2 protein chains.
Amino acid sequence: MNMKTKDKILEVALRQFNELGADQVSIRTIANELQISAGNLCYHFKNTDAIIFQLYLNLAEEMGKMVEVVQHPDTDIAQMIEETELTFSIMYKYRFLMLDFIAITRRISELREHFRQIIRLRQQQLREGIENLVSKGLMHKEWAPDMYNHLVLHSMMVADAWIPNAEVHFDEKGEPIVRFYSQMMFSMLVPFLTESGLAQYHKALEDRPEWQAGLRFGASF
Amino acid sequence: MNMKTKDKILEVALRQFNELGADQVSIRTIANELQISAGNLCYHFKNTDAIIFQLYLNLAEEMGKMVEVVQHPDTDIAQMIEETELTFSIMYKYRFLMLDFIAITRRISELREHFRQIIRLRQQQLREGIENLVSKGLMHKEWAPDMYNHLVLHSMMVADAWIPNAEVHFDEKGEPIVRFYSQMMFSMLVPFLTESGLAQYHKALEDRPEWQAGLRFGASF
DNA sequence: ATAAATTTAGTACAAGTGTCCTATTTTTTT
DNA sequence: AAAAAAATAGGACACTTGTACTAAATTTAT
């Protein structure tokens with residue numbers, strides 16, 4: 001099977017973006033690595049922004065598919081953690097978008113509005129997850145007004161921030177990072193779990209040894 | 001009194017950085033606005049990175065002074081909120097650093113290490129604050145292992161992420177934004193407050209009407 | 001097979017950037 | 001007042017980037 005040039009471009013571009021940052025990649029750096037002419041590359045994508053936008057669409061698509069698959073309403077805690085990890089993996093695959101998000105949205109304004117939609121989707125997902133856990137007696141009912149509204153907002157911010165955070169505080173890359181921050185994300189719910197919720201949580205950790213080991217913040221934390 | 005050219009450069013540069021983003025500002029855009037030659041500007045700062053680094057040092061200095069002032073150990077909740085707001089104001093003044101942080105640290109590597117120190121400082125501050133509240137019976141003792149360790153980490157991430165978040169989800173600028181996110185930051189502690197802690201919290205809000213009104217997330221949230 | 005469409009290479013151009021250098025002018029020091 | 005230092009203007013240079021264009025090669029359709 002022969003990969004189309006267009007796909008090869010996207011593949012190489014994604015890697016370069018992730019490794020070097022959005023501002024260090026140009027049509028020429030990509031064309032060079034692919035051994036094709038810059039003119040050829042411009043035939044497929046007018047400029048780097050066009051490539052970035054396409055990569056963003058790919059991200060959005062992968063996210064969308066993921067959400068569809070996960071739609072069964074009564075998930076347990078172990079499943080919720082897994083879903084978090086899956087979502088975070090997709091984000092990590094396109095991490096340059098998260099790292100340079102502001103600079104990118106300033107140039108490509110469609111992206112900002114489109115991204116807000118994804119956020120709304122994820123937010124709703126989380127809210128439903130919480131309500132589900134409450135109805136099952138795994139999470140407490142909220143004991144202060146707006147408590148879970150706030151929790152959702154805080155979670156969304158952590159979900160946006162973990163990749164930049166990893167970039168600053170870790171030298172590691174890849175899986176361990178994704179797992180560490182998925183765990184951290186879920187740990188935000190722990191203080192709100194009931195006894196049976198906590199029991200499930202600990203059991204889930206025991207069943208997956210790789211969820212226990214994990215990284216530790218180094219000198220910085 | 002005559003402002004030195006060097007200070008004028010920093011002033012204009014800071015505004016341009018905040019308004020346009022780090023990648024849209026060059027020695028020439030700054031020189032133009034100041035009606036000085038590019039050569040002159042390069043006499044004072046070799047390049048834009050040198051300006052950015054100096055602005056970062058200014059931020060660090062302001063933060064340092066703030067911490068010194070605030071060092072009295074027994075603050076109440078109202079004071080803690082005020083301190084948060086003060087810290088956030090300083091961050092907001094230099095917000096381009098937060099927005100383009102990753103891209104900037106990739107170019108200026110000294111900055112990353114230096115920044116980690118600030119983080120460590122703030123983290124310690126928060127940890128002491130929590131311990132203080134616990135010892136006063138305003139916060140519960142932790143009822144799950146590492147609970148407050150996690151809380152501190154989550155808070156640090158929100159503290160890093162609020163400015164990019166504001167840029168994506170709000171069109172407003174300035175004070176209201178700072179106040180909104182300071183409130184949000186503090187609201188992370190609310191679920192852990194005791195009854196008397198909650199009472200103090202609500203009283204603090206009542207005493208400062210401007211803390212109550214606040215923004216609401218618009219269509220996106 | 002032949003015409004048409006797609007894909008590719010190669011190159012030229014204008015704009016912007018950081019860097020460097022020289023020549024004045026202004027300020028400070030002696 | 002003379003000498004030294006600091007500040008400013010102006011511009012040349014090399015480099016990168018996105019853009020645009022032409023011509024050749026390849027694939028696809030008829």
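Chain letters run A, B, ... following the sequence lines, proteins first, then strands; residues in each count from 1. Because the structure is a prediction, the values reported are computed rather than measured.
Of all the heavy atoms in A:M185 and A:S155, the pair that sits closest is CE-O, 3.4 Å.
Cation-pi geometry between A:K6 and A:Y43 is not met: the NZ or CZ atom fails to fall both under 6.0 Å from the ring centre and inside 45° of the normal.
Looking at B:E167 and B:R95, no side-chain N of the basic residue comes within less than 4.0 Å of a carboxylate O on the acidic one, giving no salt bridge. Taking a cutoff of 4.0 Å between a charged side-chain nitrogen and a carboxylate oxygen, A:D171 and B:R112 qualify as a salt bridge.
Distances shorter than 4.0 Å separate some side-chain N or O of B:T5 from OP1 or OP2 on D:dT8. In terms of phosphate contacts, B:S26 brings no side-chain nitrogen or oxygen within less than 4.0 Å of OP1 or OP2 of C:dG16. Side-chain N/O atoms of B:H44 include none lying less than 4.0 angstrom from OP1 or OP2 on D:dA6. Put simply, B:N40 has no side-chain N or O that comes within less than 4.0 Å of OP1 or OP2 on D:dA7. Residue A:T48 places at least one side-chain N or O closer than 4.0 Å to OP1 or OP2 of D:dG18.
In this structure, the nucleotide among D:dT8, C:dT8, D:dA9 sitting nearest to the side chain of B:I36 is D:dA9. Closest contact between the side chain of A:I27 and the listed nucleotides D:dT8, D:dT19, C:dT8 involves D:dT19. Comparing atom distances between the A:N47 side chain and each of D:dG18, C:dT7, D:dA7 picks out D:dG18 as nearest. Minimum atom distance to the side chain of A:C42 is reached by D:dT19, of the listed D:dT19, D:dT17, D:dA9.
One interatomic measurement links the two molecules: CD1 of B:I9 to P of D:dA7, which rounds to 10 Å at whole-angstrom precision. Here D:dA7 presents its P atom at 12 Å from CG of B:D7, a figure rounded to the nearest Å. One can place CG of A:L34 at 11 Å from P of C:dT8, the figure rounded to the nearest angstrom. Rounded to an integer number of Å, the gap from B:K46 NZ to C:dC21 P is 11 Å. Rounded to whole angstrom, the span from the NZ atom of A:K8 across to the P atom of C:dT7 amounts to 13 Å. One can place OH of B:Y43 at 12 Å from P of D:dA5, the figure rounded to the nearest angstrom. Nucleotide C:dT17 holds its P atom 13 Å from the CZ atom of B:R107, rounded to whole Å. Taking atom CG of B:N32 as the reference point, atom P of D:dG11 lies 14 Å away to the nearest angstrom.
Judged by distance alone, the side chain of B:R116 and the main-chain N or O of B:L111 form no donor-acceptor pair under 3.5 Å.
Position along DNA chain D of the nearest nucleotide to A:D23 versus A:G39 favours A:D23 as the more 5'-ward residue.
Residue contacts for B:L41: at a heavy-atom cut-off of 4.0 Å it reaches no nucleic acid atom on any strand shown.
You won't find any donor-acceptor pair under 3.5 Å spanning the side chain of B:R28 and the base of C:dG16, going by distance alone.
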